[in-house]
There are 2 protein chains.
Amino acid sequence: MESTPNIVEIAALIGDSSRAAMLVCLLSGKALPASELARVARISPQTASSHLGKMVAGGLLVHESYGRHRYYRLANQEVGNALEALSVIAPLKPIRSLRESEQSKSLHFARTCYDHIAGEIGVALTDKILELGLVREEGRDYAVTEEGMERFKEFGLSIENMKHTRRHFARQCLDWSERRHHMAGILGASMTKRLFDLGWIERMSEGRAVIVTVTGYEGFAKEFQMTFKHHELCI
Amino acid sequence: MESTPNIVEIAALIGDSSRAAMLVCLLSGKALPASELARVARISPQTASSHLGKMVAGGLLVHESYGRHRYYRLANQEVGNALEALSVIAPLKPIRSLRESEQSKSLHFARTCYDHIAGEIGVALTDKILELGLVREEGRDYAVTEEGMERFKEFGLSIENMKHTRRHFARQCLDWSERRHHMAGILGASMTKRLFDLGWIERMSEGRAVIVTVTGYEGFAKEFQMTFKHHELCI
DNA sequence: ACGATACTTCGATGATAGACGAATAACTCT
DNA sequence: AGAGTTATTCGTCTATCATCGAAGTATCGT
């Protein structure tokens, strides 16, 4: 009937505030789990699931399952192309508050992933621990070395007690903002708890964002040879 | 919420079947009266008026009044770009005729961007002209070189006359399908007109797609050392 | 001046679809 | 095995918006 391709359906898919928020979030090229996208769009998981299903059916997104998580990302480059082309003609939206944009930046820098630390800091810390030889990779996990046993004890962590729990000791956890691994499991959780106790990191008012305190910067530098400039990590 | 442009409203505007029909009809670059657009979308004049008002408010269209007629056209070339970018990811399912799918491919290959040539051909031609030293980049514009003056004259273009117009001489225009620049401005328009006059390119029945004729293939090869195989460009 | 044409505004209506609660399935951790 | 997550499906409710009839404004032809 219509001699034109149905840009209507595609545009209608993008033309919903919840779905657009998700799409813009996925423009970075990263794959994000459904729950994260629901949070970004400020809607319930049920509604998000409905939207994600429609966008997959419409060819905007594809998904991959990892365990109970389902990661969504843009189907192809052309989708990103179209979103960018729309951005060109879209009026700029006023930034509601500085705090929100700061918080968004903070999420990439440092946040908690359940009970362990993630973001740039999480990945960098895991890297340093590997580099210093405190742990070594072992399949999907990390195993503590002799030297690690000693250093973790100095840091205030009892590896012995951890071994008594049935939880995974030190699992590799995929980081959505860095696309690399950070440390999960009881070791990751205990370290993060210790970082809170030491006052190196503090939870921001709400959400999962975390800030590194002044003593934290000093501590990370001294204990793990991590370097910062202007409150950002040097890699 | 975020500092990103507000693509929601724009996409929602395009994501209505009646409005999309009007927009696609206006993709040719023509200005059409409201009644004609109502007829194309198969809706009443009242409804059409409502839609047109919203699209003007949203920055998609502009209107000019001539007597009791009101002519609507796309606000700028970026709107056309966005519509075409959407059609790239849309026509996956309903390809009704071979001609339509050919036309979609043609849009990537060669099309007019208002009055100058774009697509693969447009970008490649601009590249060649740069490579041959006929123009050089100068900020957001291109400037003709000594050699360019001579070669353009041989090609049938009077740089002198162009300088007398108030229009930009040779502007860089971003190409959505190639993500690179092609040449706009009076020089780009004049070259494109010359290509039509020489019969190197011809406008397809409707829309902005353009085909390269047999003499065009020979001409591009001879004059600009551009090579093709199977009616596709070799880069 | 008169009716005809082109387009707009206002108001009412009806259909679409986005929202969430409740329940279900799949998975992980203890 | 059981508790706690993550994600989905189903059903219902509600709000938004496209649509058109009726009426209003501006312009043209005669």
Side-chain angles (χ1 to χ4, degrees), chain A residues 8-9 11-23 31-58 61-72 112-116 140-141 161-174 176 183-190 208, chain B residues 8-9 11-23 31-58 61 63-72:
Chain A
V8 186
E9 293 173 17
L13 275 177
I14 305 173
D16 170 80
S17 56
S18 302
R19 285 192 292 257
M22 299 185 190
L23 287 169
L32 299 176
S35 57
E36 184 67 22
L37 292 167
R39 202 187 56 79
V40 165
R42 299 164 193 270
I43 53 179
S44 67
Q46 307 95 296
T47 309
S49 184
S50 162
H51 285 313
L52 291 168
K54 285 173 187 171
M55 289 195 281
V56 168
L61 302 182
V62 291
H63 62 84
E64 303 163 25
S65 294
Y66 288 111
R68 60 183 170 187
H69 294 271
R70 194 170 245 190
Y71 287 85
Y72 288 88
T112 51
C113 177
Y114 304 91
D115 55 0
H116 52 273
R140 292 185 161 223
D141 296 76
N161 290 346
M162 294 183 201
K163 298 265 186 183
H164 291 150
T165 65
R166 270 178 301 182
R167 184 174 172 182
H168 281 281
F169 177 68
R171 202 89 193 236
Q172 294 180 354
C173 180
L174 190 61
W176 60 259
M183 188 183 295
I186 183 74
L187 179 57
S190 302
R208 306 198 283 159
Chain B
V8 186
E9 291 171 19
L13 276 177
I14 305 173
D16 170 81
S17 56
S18 302
R19 286 194 291 258
M22 299 185 193
L23 288 169
L32 297 174
S35 55
E36 179 68 17
L37 292 168
R39 199 187 58 79
V40 166
R42 302 163 193 265
I43 51 178
S44 67
Q46 306 97 296
T47 309
S49 181
S50 163
H51 286 313
L52 291 168
K54 285 171 186 172
M55 289 195 280
V56 169
L61 303 182
H63 62 86
E64 300 161 28
S65 293
Y66 289 111
R68 58 184 169 182
H69 294 272
R70 192 170 250 191
Y71 287 85
Y72 289 87

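So you know, we letter chains A, B, ... as the sequences are listed, proteins then strands, and number each from 1. Both backbone and side-chain heavy atoms feed into the values below; hydrogens, waters and symmetry mates do not. It should be emphasised that the depicted structure is a prediction, and the values quoted were computed from it without experimental measurement.
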Residues forming a side chain to side chain donor-acceptor pair (under 3.5 Å) with S44(B), sequence neighbours excluded: Q46(B), T47(B)
[atom1] of [X] versus [atom2] of [N]: gap in Å, rounded?
X	N	atom1	atom2	answer
L32(A)	dA7(D)	CG	C1'	15 Å
R39(A)	dT5(D)	CZ	C1'	17 Å
E36(B)	dC7(C)	CD	C1'	15 Å
E9(B)	dC17(D)	CD	P	11 Å
H69(A)	dA25(C)	NE2	P	21 Å
L13(A)	dT16(C)	CG	C1'	14 Å
M55(A)	dT8(D)	CE	C1'	15 Å
L37(B)	dA6(C)	CG	C1'	13 Å

Counterpart residues, ring-ring contact (aromatic ring centres under 6.0 Å, His included), relative to H63(A) (two or more places apart): Y72(A)
Sugar-phosphate, base or nothing in reach of Y71(B), heavy atoms under 4.0 Å: nothing
Any donor-acceptor pair under 3.5 Å from R19(B) side chain to L13(B) backbone: yes
Annotated protein contacts, base or backbone, on nucleotides 19-30 of chain D with a non-hydrogen cut-off under 4.0 Å, one of B, S, - each: SBBB----BS--
Contact under 4.0 Å: R70(A) side-chain N or O vs dA26(C) OP1/OP2: no
side-chain N/O S35(A) vs dA7(D) OP1/OP2, d < 4.0 Å: yes
Qualifying residues under salt bridge (Lys or Arg N to Asp or Glu O under 4.0 Å), relative to E36(B), sequence neighbours excluded: R39(B)
Those residues that, when tested against R68(B), pass salt bridge (Lys or Arg N to Asp or Glu O under 4.0 Å) (two or more places apart): none
Residues that A38(B) engages under side chain to side chain contact (heavy atoms under 4.5 Å, CB included), provided they are two or more places apart: A48(B)
Stepwise side-chain contact (heavy atoms from CB on, under 4.5 Å) test for R70(A) and L52(A): CA-CA 11 Å; R70(A) 194 170 245 190; L52(A) 291 168; over 6 Å; no
